[in-house]
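Worksheet for the structure shown next.
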Amino acid sequence: MTRMSDLTLCLIDRPTAPPGESVSIVDADPLQATVLATDFGVNRGDGIFEVAGCVDGRVHALDAHLRRFARSASMLDLPKPNSDAYAEAVRRAIAPLCAQRPGQEVLVKFVLTRGQEMGGTGGPAGWAIAYPCPDFTHDRSGIDVVTLDRGVRSDIMRTTPWLLGGAKTLSYAANKAALREAKRRGADDVLFVSTDGHALEGPSSSLIARINGVLVTPHPDEGVLAGTTQADVFAYAEEVGFRTETRPVLTDELAAADALWLTSSGRLCAPVKSLDGRPMAVDAALTAEWNDHLLARG
Ligand code: PLP
């Protein structure tokens, strides 16, 4: 469990100020209320966020997270977040925790909301909050996963872009509900599938399948979030000789996969040891190699 004393919070006073304009970033007490009860983010989940891993002050894939943050903002018609201010707030938020925990993993979440809903006058709210990374040793050795129908077709981005597939919004209640359903079914995590039989992603992770020796991940055009961890695994795997493909993955193909992983910034690569109760082979050596590489990233 995270203790409040282990959290560090930095508030950004003008998170969508144009580049070059002055923005102040202030340390704040995470035990004090800082977001107004009238904020769209609080009332509607109308806002965006990112979570990045860090070790010893290095934020993994920060530029990729900032780019995706800007892309999510654009998909929600939010003003563009000031990337320099967010990068500074992230570094300031993680500094004390990383200093207290040399060599250990720390997570940082950064958020932008739409601002005031109920006649308030403030603009969008922005902040970065750092906290210790949970112990993922168990998950990194293998997780039990169930497939759950997401109730959408794989062409959702063309037919229904207002569902915001592929944006990292604050509206994660359905993702959390899916995880509770997985627990009820005795599993650790979920792989969402489309109504037309495509494997998609987890509620907070990307899918990588090894099929006939090729590493495959579903295409962002199918309404999945473009994973920063998956991208860095693919870049590394290509360097060491793997072929990779980003393309639709049919659920039927998963039966032929010789390994599956769910990847995300905090937990990194979690190998799937069973899918819908069917045991899957775990490649422990390859998983450890990937996770070591991910932890060493700048
Ligand atoms: N897909 C969803 C829906 C997510 O929420 C996340 C991360 O939380 C991912 C995929 C994995 O993305 P990343 O590897 O950038 O953390």
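Here the structure is a predicted model, which means the values were calculated and not measured. All ligand and atom numbering here is 1-based and tracks the order in the structure. Numbers here simply count residues along the sequence, with the first being 1.
- Counting atoms of ligand 1 from 1 in the listed order, those under 4.0 Å from a heavy atom of T228 are 13 (P), 14 (O), 15 (O).
- Residue contact check: S264 has heavy atoms under 4.0 Å from atoms 14 (O), 16 (O) of ligand 1.
- Environment of CZ in R92: crowded, with over 12 heavy atoms of neighbouring residues, nucleotides or ligands closer than 6.0 Å.
- Counting only heavy atoms from C-beta outward, the side chains of S194 and R153 never approach each other to under 4.5 Å.
- Below 4.0 Å from some heavy atom of S265 lie the following atoms of ligand 1, by number and element: 13 (P), 14 (O), 15 (O), 16 (O).
- When each atom of ligand 1 is checked for a heavy atom of E201 under 4.0 Å away, the hits are 1 (N), 2 (C), 3 (C), 10 (C).
- Among protein heavy atoms, atom 14 (O) of ligand 1 sits closest to T229 OG1, 2.6 Å.
- The side-chain heavy atoms of R210 and W261, taken from C-beta on, include a pair separated by under 4.5 Å.
- No hydrogens or angles considered: a donor-acceptor pair under 3.5 Å links the side chains of E289 and Y236.
- Assignment of V51 to the shell around ligand 1 is not supported, since no heavy atom sits closer than 4.0 Å.
- Residue T263 approaches ligand 1 through these ligand atoms, each under 4.0 Å from one of its heavy atoms: 11 (C).
- The shortest heavy-atom distance from P203 to ligand 1 is under 4.0 Å.
- Under a 3.5 Å cut-off, the side chain of N43 and the backbone N or O of A37 do form a donor-acceptor pair.
- Heavy atoms of E50 come nearer than 4.0 angstrom to ligand 1 in no pair at all.
- Short contacts between ligand 1 and R68, defined as distances under 4.0 Å to a heavy atom of the residue, involve ligand atoms 12 (O), 13 (P), 15 (O).
- One side chain, E238 or T244, offers a donor N or O that lies under 3.5 Å from an acceptor on the other.
- For atom 4 (C) of ligand 1, the closest heavy atom belonging to the protein is S204 CA, 3.4 Å.
- Here the heavy atom of the protein found nearest to atom 7 (C) of ligand 1 is K168 NZ, 3.3 Å.
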Quick one, Y172 with F49, criterion ring pair (Phe, Tyr, Trp, His ring centres under 6.0 Å). Give me CA distance, side-chain angles, the key distance, then yes/no. CA-CA 11 Å; Y172 263 47; F49 77 104; 5.1 Å; yes
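- Residue contact check: Y172 has heavy atoms under 4.0 Å from atoms 3 (C), 4 (C), 5 (O) of ligand 1.
- For atom 10 (C) of ligand 1, the choice among S205, G227, P220 with the nearest heavy atom turns out to be S205.
- At least one heavy atom of G202 sits less than 4.0 Å from an atom of ligand 1.
- In this structure, F110 has its ring center under 6.0 Å from that of F69.
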